[in-house]
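First listed ligand is number 1; within each ligand, the first listed atom is number 1. Predicted model, so just to flag it, every value in this text is computed and none were measured.
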Amino acid sequence: MKKISILIPAYNEEEVLYSLYRRLVTVFDSIPNYLFEVLFVNDGSKDNTLPIIRGLREGDRRISYVNLSRNFGKETAMIAGLDYAQGDAVIILDADLQDPPELIPEMITYWEDGYDDVFAKRRSRSGETWIKKSTAQAFYKLLKKTTRIPIQENTGDFRLLDRRCVEALKQMRETQRYTKGMFSWIGYNKKEILFDRDPRAAGETKWNYIKLVDLAIEGITSFTTAPLRFSALFGFSISIFAFLYMIWIIAKTLLYGESVSGYPSIMTAILFLGGIQLLSIGIIGEYLGRIFNETKKRPLYFVEEYNNQKENPTTQGA
Ligand code: UDP
Ligand code: MG
């Protein structure tokens, strides 16, 4: 029998775990010819998430868990889960029931048809503010323009991945991860299915605007060096303009003599160029910082405990 792992990153999700478990079991019962593994990655939760998962494991051995040594963020929790998942296919699911588990049988059907990456695209995003919706839309547009790989719009991490996609993703050990881009980058046969995203079942979103801006910068800087190119081109065109302007000033001075006025134009030029320089240095710094982080070659995460077993820090997440 084929084994399917359900990978669930969980950070402070105590309120939803039982209803999540119940809905999963109903789905599993509807497709009895598969083995299932529910792999929770407890991402340093501060509430009762871990004890609840332990309790669930007591009653149902299909459940297993990885307990990370602290909160590493969802992107890292996902790669930890992929490292530990045993299934022939892995389905990544949010704990908060925004990704309906009822879609799992459909995903499996497409997988059996030969697709390697069956991703669920949101038809609607209910329970999200229009600001979040429109900023998300603008961001996807920018990302598509600047990177050459097709990024799937309105798609989260909710998807089924064949073993070979999982192995591909496991080889990508960059510390600052933008998983959504990686799914596209690795390629393989993709299949889109549509669904309506529900609002969170309970609890609160772990994202705030600072984190989202962070993720957006991550997305751009980890998949394209276009901003570097842009600032170089911009600097180049400004220098051409400045050169022509210089010739004009020299000619004017030779023809009409020196004039004392010109304070506004000097100020404008200095301020404008100063701004551009700072911006370009900032962009370079953004990439330099990433190089710095990668050169440290740290493991991506540490596991405190896997299925009641204490883990040693050697070679983990490396
Ligand atoms: N999550 C995580 N670590 C974090 C933040 C979130 O593992 O630091 C998990 C969270 O438990 C949930 C999923 O990532 O299962 C999505 O988080 P959330 O629902 O807060 O994000 P949203 O749906 O609002 O984008
Ligand atoms: Mg959510």
Side-chain angles (χ1 to χ4, degrees), residues 5-21 23-24 38-53 56 63 65-85 90-101 103-104 119-137 139-140 152-159 175-181 183 195-216 218-219 300-305 317:
S5 300
I6 316 288
L7 160 52
I8 307 176
Y11 175 55
N12 295 346
E13 301 284 5
E14 58 180 5
E15 290 147 273
V16 292
L17 287 178
Y18 287 119
S19 44
L20 171 68
Y21 174 68
R23 272 175 67 178
L24 278 174
V38 183
L39 177 65
F40 285 99
V41 180
N42 178 37
D43 187 18
S45 301
K46 291 170 189 73
D47 63 0
N48 281 323
T49 300
L50 184 63
I52 292 175
I53 296 172
L56 287 173
I63 295 194
Y65 64 89
V66 172
N67 184 32
L68 299 184
S69 60
R70 65 170 170 87
N71 176 253
F72 283 93
K74 186 186 178 189
E75 304 290 315
T76 306
M78 279 193 289
I79 185 66
L82 291 177
D83 284 341
Y84 278 80
V90 177
I91 295 174
I92 304 176
L93 191 79
D94 275 5
D96 58 5
L97 288 171
Q98 279 192 290
D99 305 333
L103 239 57
I104 290 176
F119 61 94
K121 184 172 170 166
R122 297 167 201 166
R123 195 180 295 131
S124 64
R125 303 169 67 126
S126 50
E128 289 182 13
T129 58
W130 70 267
I131 304 181
K132 187 165 177 191
K133 279 184 223 174
S134 50
T135 46
Q137 208 176 10
F139 169 69
Y140 281 129
Q152 298 138 359
E153 222 172 301
N154 279 331
T155 307
D157 303 312
F158 182 28
R159 61 182 66 225
T175 39
Q176 283 168 288
R177 307 183 67 78
Y178 184 67
T179 317
K180 224 182 280 214
F183 294 136
F195 79 111
D196 294 301
R197 191 157 209 242
D198 300 324
R200 240 176 186 282
E204 273 168 24
T205 174
K206 273 72 193 180
W207 293 101
N208 53 38
Y209 264 90
I210 297 177
K211 275 194 183 175
L212 279 177
V213 168
D214 247 28
L215 188 73
E218 208 63 74
L300 295 181
Y301 57 86
F302 286 113
V303 173
E304 202 269 325
E305 177 187 343

K.L.:
Show your reasoning for whether side chain to side chain contact (heavy atoms under 4.5 Å, CB included) applies to Tyr84 and Leu7.
P.N.:
CA-CA 9 Å; Tyr84 278 80; Leu7 160 52; over 6 Å; no

K.L.:
Which one of Met78, Gln98, Lys74 has a non-hydrogen atom at the shortest distance from atom 23 (O) of ligand 1?
P.N.:
Gln98

K.L.:
Please could you name the atoms of ligand 1 that Glu13 approaches to less than 4.0 Å, counting only its heavy atoms?
P.N.:
10 (C), 11 (O), 12 (C), 15 (O)

K.L.:
Do the charged groups of Arg70 and Asp43 touch, with an N to O distance under 4.0 Å?
P.N.:
no

K.L.:
Supply the atom-to-atom distance Leu300 CG to Asp83 CG, rounded to the nearest 0.5 angstrom.
P.N.:
7.5 Å

K.L.:
Output all residues satisfying ring pair (Phe, Tyr, Trp, His ring centres under 6.0 Å) with Phe183, sequence neighbours left out; order by chain, then residue number.
P.N.:
none

K.L.:
Please work out, at 4.0 Å between heavy atoms, whether the side chain, the backbone, both, or neither of Val41 comes within that distance of ligand 1.
P.N.:
neither

K.L.:
With backbone taken as N, CA, C and O and side chain as the heavy atoms from C-beta onward, which portion of Asp94 lies under 4.0 Å from ligand 1: side chain, backbone, both, or neither?
P.N.:
both

K.L.:
So, the side chain of Asp94 versus the backbone of Asp96: is there a donor-acceptor pair under 3.5 Å, distance only?
P.N.:
no

K.L.:
Hey, does Ser45 have a side-chain heavy atom less than 4.5 Å from the side chain of Glu14?
P.N.:
no

K.L.:
Please indicate whether any nitrogen or oxygen in Ala95 is less than 3.5 Å from any nitrogen or oxygen in ligand 1.
P.N.:
yes

K.L.:
Are Phe158 and Phe195 near enough that their ring centres are under 6.0 Å apart?
P.N.:
yes

K.L.:
How close do Val41 and Ala80 get, counting heavy atoms only, and between which atoms?
P.N.:
CG1-CB, 4.4 Å

K.L.:
When you compare the side chain of Leu20 with that of Glu13, does any pair of heavy atoms fall below 4.5 Å?
P.N.:
no

K.L.:
Considering Asp43, Asn42, Asp96 one by one, which has a heavy atom nearer to atom 3 (N) of ligand 1 than any of the others?
P.N.:
Asp43

K.L.:
Protein N, O or S atoms less than 2.8 Å from the Mg ion (ligand 2), ignoring waters?
P.N.:
Asp96 OD2, Gln98 OE1

K.L.:
Does the N or O separation between Pro9 and ligand 1 drop below 3.5 Å for any pair?
P.N.:
yes

